[in-house]
Amino acid sequence: MEKKLGSFSVRKVGNSTALTVPSKARVKPGQRFELIQKDNSTLIYKAIDSNPWFNGEYDNIDFKKEIEKVGNPDTMQVGKENIPW
């Protein structure tokens, strides 16, 4: 599904140029994209970073609370049952 989000002008930012991404595109700051240029000068930006550690998906998780629920695998004694022989 495609939807047109508007029309935008390139602007100068330092030594680079930039295209504005409207908020309705729901792009998060820091999200990564690859840029593909077609033969007809069409530019296509594709999201490439689906890693939740970097894309902000885990920003609001309380990991201490999660460890309380499931336990900490670093301190579990699986395989170290301490059986006297």
Side-chain angles (χ1 to χ4, degrees):
M1 179 178 112
E2 287 184 15
K3 64 180 169 180
K4 187 172 182 176
L5 298 178
S7 154
F8 306 92
S9 296
V10 174
R11 57 191 171 91
K12 183 105 170 121
V13 178
N15 292 328
S16 299
T17 55
L19 282 171
T20 303
V21 178
S23 60
K24 60 185 168 185
R26 296 189 179 144
V27 173
K28 294 181 181 179
Q31 188 173 350
R32 296 173 42 99
F33 290 84
E34 69 179 354
L35 175 60
I36 300 164
Q37 184 172 17
K38 300 272 190 165
D39 290 338
N40 65 358
S41 298
T42 299
L43 299 177
I44 300 172
Y45 286 88
K46 287 182 154 186
I48 59 170
D49 195 357
S50 59
N51 186 332
W53 294 103
F54 301 120
N55 70 10
E57 187 176 334
Y58 291 167
D59 285 354
N60 298 316
I61 293 179
D62 184 347
F63 287 101
K64 287 184 180 182
K65 196 176 278 185
E66 294 297 320
I67 288 172
E68 287 173 9
K69 279 196 268 184
V70 298
N72 187 345
D74 291 337
T75 61
M76 293 179 181
Q77 296 297 312
V78 176
K80 301 175 185 174
E81 283 78 14
N82 200 13
I83 299 172
W85 297 96

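Only heavy atoms go into these numbers, but all of them, side chains included; no hydrogens, no water, no symmetry mates. For reference, positions follow the sequence shown, starting with 1.
Counting heavy-atom neighbours within 6.0 Å of K38 NZ, excluding the residue itself, gives a total of 12 or less. In the displayed structure, N40 atom CG is contacted under 6.0 Å by more than 12 heavy atoms of other residues, nucleotides or ligands.
Heavy-atom minimum distance, R26 versus Q31: O-OE1, 4.3 Å. Across L19 and F8, no two heavy atoms sit closer than the pair CD2-O, 4.3 Å. Nearest heavy-atom pair, A47 versus F33, reported as atom, atom and distance to 0.1 Å: N-CD2, 3.4 Å.
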*asked:* R11 vs V13, test: side-chain contact (heavy atoms from CB on, under 4.5 Å). Steps then yes/no.
replied: CA-CA 7 Å; R11 57 191 171 91; V13 178; 3.7 Å; yes

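Tracing side-chain contacts under 4.5 Å through hydrophobic residues (I, L, V, M, F, W, Y), one never reaches V21 starting from I44; they form parts of separate clusters. If you chain together hydrophobic residues whose side chains sit under 4.5 Å apart, Y45 and V10 fall into the same group. At a threshold of 4.5 Å between side-chain heavy atoms, the hydrophobic network of Ile, Leu, Val, Met, Phe, Trp and Tyr places I48 and W53 in two separate groups.
In this view, E66 and I61, K69 satisfy the side-chain contact (heavy atoms from CB on, under 4.5 Å) rule, not counting sequence neighbours.
Interatomic distance, CD1 of I36 versus NZ of K46, reported as 4.5 Å (0.5 Å rounding).
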